Amino acid sequence: MKKHKEKQEEKIYILKVTISDVFGRVKGTPHRILAIPERFTLYRLAKEITNAFGFYFDHCFGFFDNLKVWAKSNECYELFKDIEKEQGLEPTNCKSVKKTRVDRVFNEIGKKMLFLFDYGDEWLFIVELKGIEPPKQGTKYPLIVESVGDAPPQYGEVEEDKFYN
């Protein structure tokens with residue numbers, strides 16, 4: 001996690017990131033609270049989320065406003081948009097994660113987006129904006145403010161009952 005001291009006028013976005021299941025359930029699941037500079041792109045946010053849960057940043061991903069059926073989202077941002085030309089992919093209706101800043105998407109307290117990481121394994125995370133604050137003097141960001149629960153292994157067996165009950 002590359003850290004920077006933030007300029008005093010830049011805002012820090014406090015985001016709660018919780019592992020979810022396909023039904024949008026988060027009760028009792030691991031979560032992290034991240035402090036992210038407003039200028040970070042969704043690409044950088046995705047990298048920080050995967051890092052906070054101990055995952056490799058090795059798959060395509062997207063952010064979606066429909067928390068239960070991501071394919072039916074009205075607002076979406078995908079890495080596919082950024083690589084469609086170079087990879088010869090079909091155009092996506094979503095926007096870029098490399099060109100979209102965190103403050104443009106998380107524009108009100110309480111806003112939630114689904115972060116889908118790895119379209120094969122479909123790791124689902126609910127990302128909620130909990131607050132916006134000035135940077136703390138002498139603090140380097142991004143920062144994991146709180147880490148609750150053990151993250152499941154990215155690869156290998158996952159005991160579903162352990163995380164979704």
Side-chain angles (χ1 to χ4, degrees), residues 1-21 24-68 70 73-79 81-82 94-119 121-154 158 162-164:
M1 186 182 289
K2 194 174 182 181
K3 298 185 184 268
H4 302 276
K5 281 189 179 178
E6 300 312 312
K7 297 175 184 169
Q8 202 57 36
E9 66 272 5
E10 183 167 34
K11 300 290 183 223
I12 301 299
Y13 279 56
I14 307 302
L15 297 159
K16 182 176 183 181
V17 183
T18 308
I19 293 180
S20 176
D21 67 4
R25 295 181 297 198
V26 296
K27 184 180 178 190
T29 61
H31 75 264
R32 307 292 182 259
I33 295 182
L34 306 177
I36 302 291
E38 66 183 333
R39 68 176 156 68
F40 272 28
T41 62
L42 292 179
Y43 183 87
R44 182 73 188 272
L45 174 60
K47 191 172 187 176
E48 298 305 330
I49 291 170
T50 55
N51 181 59
F53 284 90
F55 285 17
Y56 293 104
F57 191 56
D58 58 353
H59 292 281
C60 285
F61 58 87
F63 290 85
F64 305 91
D65 69 345
N66 189 319
L67 304 181
K68 295 185 180 181
W70 63 268
S73 291
N74 294 316
E75 180 184 4
C76 60
Y77 307 85
E78 287 186 298
L79 183 59
K81 183 67 174 178
D82 296 295
C94 296
K95 295 177 183 175
S96 164
V97 294
K98 289 187 174 181
K99 295 177 182 174
T100 306
R101 288 173 34 150
V102 167
D103 61 347
R104 303 286 188 256
V105 176
F106 293 94
N107 51 11
E108 61 184 53
I109 304 297
K111 181 170 181 182
K112 294 179 183 180
M113 295 288 284
L114 176 72
F115 170 55
L116 165 59
F117 178 72
D118 184 351
Y119 289 82
D121 285 340
E122 282 199 0
W123 284 104
L124 304 171
F125 302 82
I126 304 295
V127 182
E128 179 182 4
L129 179 60
K130 300 299 273 184
I132 301 171
E133 56 189 45
K136 293 184 173 111
Q137 193 168 6
T139 301
K140 293 185 179 184
Y141 297 94
L143 180 68
I144 299 172
V145 176
E146 180 178 277
S147 179
V148 175
D150 294 329
Q154 181 178 1
V158 176
K162 182 177 179 183
F163 293 103
Y164 302 120

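Computed from a predicted model, the values in this text were never measured in an experiment.
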If you measure from [atom1] on [X] to [atom2] on [Y], what distance do you get to the nearest 0.5 Å?
{"X": "Leu15", "Y": "Ile126", "atom1": "CG", "atom2": "CD1", "value": "13.0 Å"}
{"X": "Asp58", "Y": "Thr50", "atom1": "CG", "atom2": "OG1", "value": "8.5 Å"}
{"X": "Leu129", "Y": "Ile36", "atom1": "CG", "atom2": "CD1", "value": "11.5 Å"}
{"X": "Glu10", "Y": "Glu38", "atom1": "CD", "atom2": "CD", "value": "5.0 Å"}
{"X": "Phe57", "Y": "Arg44", "atom1": "CZ", "atom2": "CZ", "value": "10.0 Å"}

Smallest separation among heavy atoms of [X] and [Y], with atom names:
{"X": "Ile14", "Y": "Ala35", "answer": "CD1-CB, 3.8 Å"}
{"X": "Val102", "Y": "Thr41", "answer": "CG2-O, 4.0 Å"}
{"X": "Pro30", "Y": "Pro152", "answer": "CG-CD, 4.4 Å"}

Using side-chain heavy atoms (C-beta onward) and a distance below 4.5 Å, is [X] in contact with [Y]?
{"X": "Asp103", "Y": "Arg39", "result": "no"}
{"X": "Phe117", "Y": "Ile49", "result": "no"}
{"X": "Ile12", "Y": "Leu143", "result": "no"}
{"X": "Tyr77", "Y": "Arg104", "result": "no"}
{"X": "Asn66", "Y": "Leu114", "result": "no"}

> So, are Lys130 and Glu146 salt-bridged, with charged N and O less than 4.0 Å apart?
Replying inline: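 Between Glu146 and Lys130 there is no salt bridge, as every charged N stays at least 4.0 Å from the carboxylate O atoms.
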> Relative to the ring of Phe63, is the ring of Phe61 parallel (under 30°), tilted (30 to 60°) or perpendicular (over 60°)?
Replying inline: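 The rings of Phe61 and Phe63 stand perpendicular, inter-plane angle above 60°.
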> Parallel under 30°, tilted from 30 to 60°, perpendicular over 60°: which one fits the rings of Phe64 and Trp70?
Replying inline: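 The arrangement is tilted - the two ring planes meet at 30° to 60°.
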Under 3.5 Å, side chain of [X] to main-chain N/O of [Y], donor-acceptor pair present?
{"X": "Glu48", "Y": "Leu34", "answer": "no"}
{"X": "Tyr43", "Y": "Ser96", "answer": "no"}
{"X": "Thr100", "Y": "Val97", "answer": "no"}
{"X": "Gln154", "Y": "Tyr56", "answer": "yes"}
{"X": "Glu75", "Y": "Asp65", "answer": "no"}
{"X": "Ser73", "Y": "Cys76", "answer": "no"}
{"X": "Arg32", "Y": "Val148", "answer": "yes"}
{"X": "Lys111", "Y": "Val105", "answer": "yes"}

>> Before you tell me yes or no, could you show the steps for Leu42 and Lys95 under side-chain contact (heavy atoms from CB on, under 4.5 Å), namely the whole-Å CA-CA distance, both residues' side-chain angles and the distance that decides it to 0.1 Å?
In response: CA-CA 11 Å; Leu42 292 179; Lys95 295 177 183 175; over 6 Å; no
> Does the pair Lys16 and Ile33 meet the rule for a side-chain contact (heavy atoms from CB on, under 4.5 Å), with working shown?
Replying inline: CA-CA 4 Å; Lys16 182 176 183 181; Ile33 295 182; 4.2 Å; yes
>> Restricting to disulfide bond (SG atoms under 2.5 Å apart), what partner residues turn up for Cys60, sequence neighbours left out?
In response: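 By the disulfide bond (SG atoms under 2.5 Å apart) rule, Cys60 matches no residue at all.
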>> Can you list everything that forms a side chain to side chain donor-acceptor pair (under 3.5 Å) with His59? Sequence neighbours excluded, please.
In response: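 If we apply the side chain to side chain donor-acceptor pair (under 3.5 Å) test to His59, skipping adjacent residues, the hits are Asp118, Tyr155.
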>> Suppose we call two aromatic rings close when their centres sit under 6.0 Å apart. Are Phe125 and Phe53 close by that rule?
In response: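 Yes: the rings meet the under 6.0 Å criterion.
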>> How about NZ on Lys68, more than 12 heavy atoms from neighbouring residues, nucleotides or ligands closer than 6.0 Å, or not?
In response: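 No - once you tally the heavy atoms of other residues, nucleotides and ligands closer than 6.0 Å, there are 12 at most.
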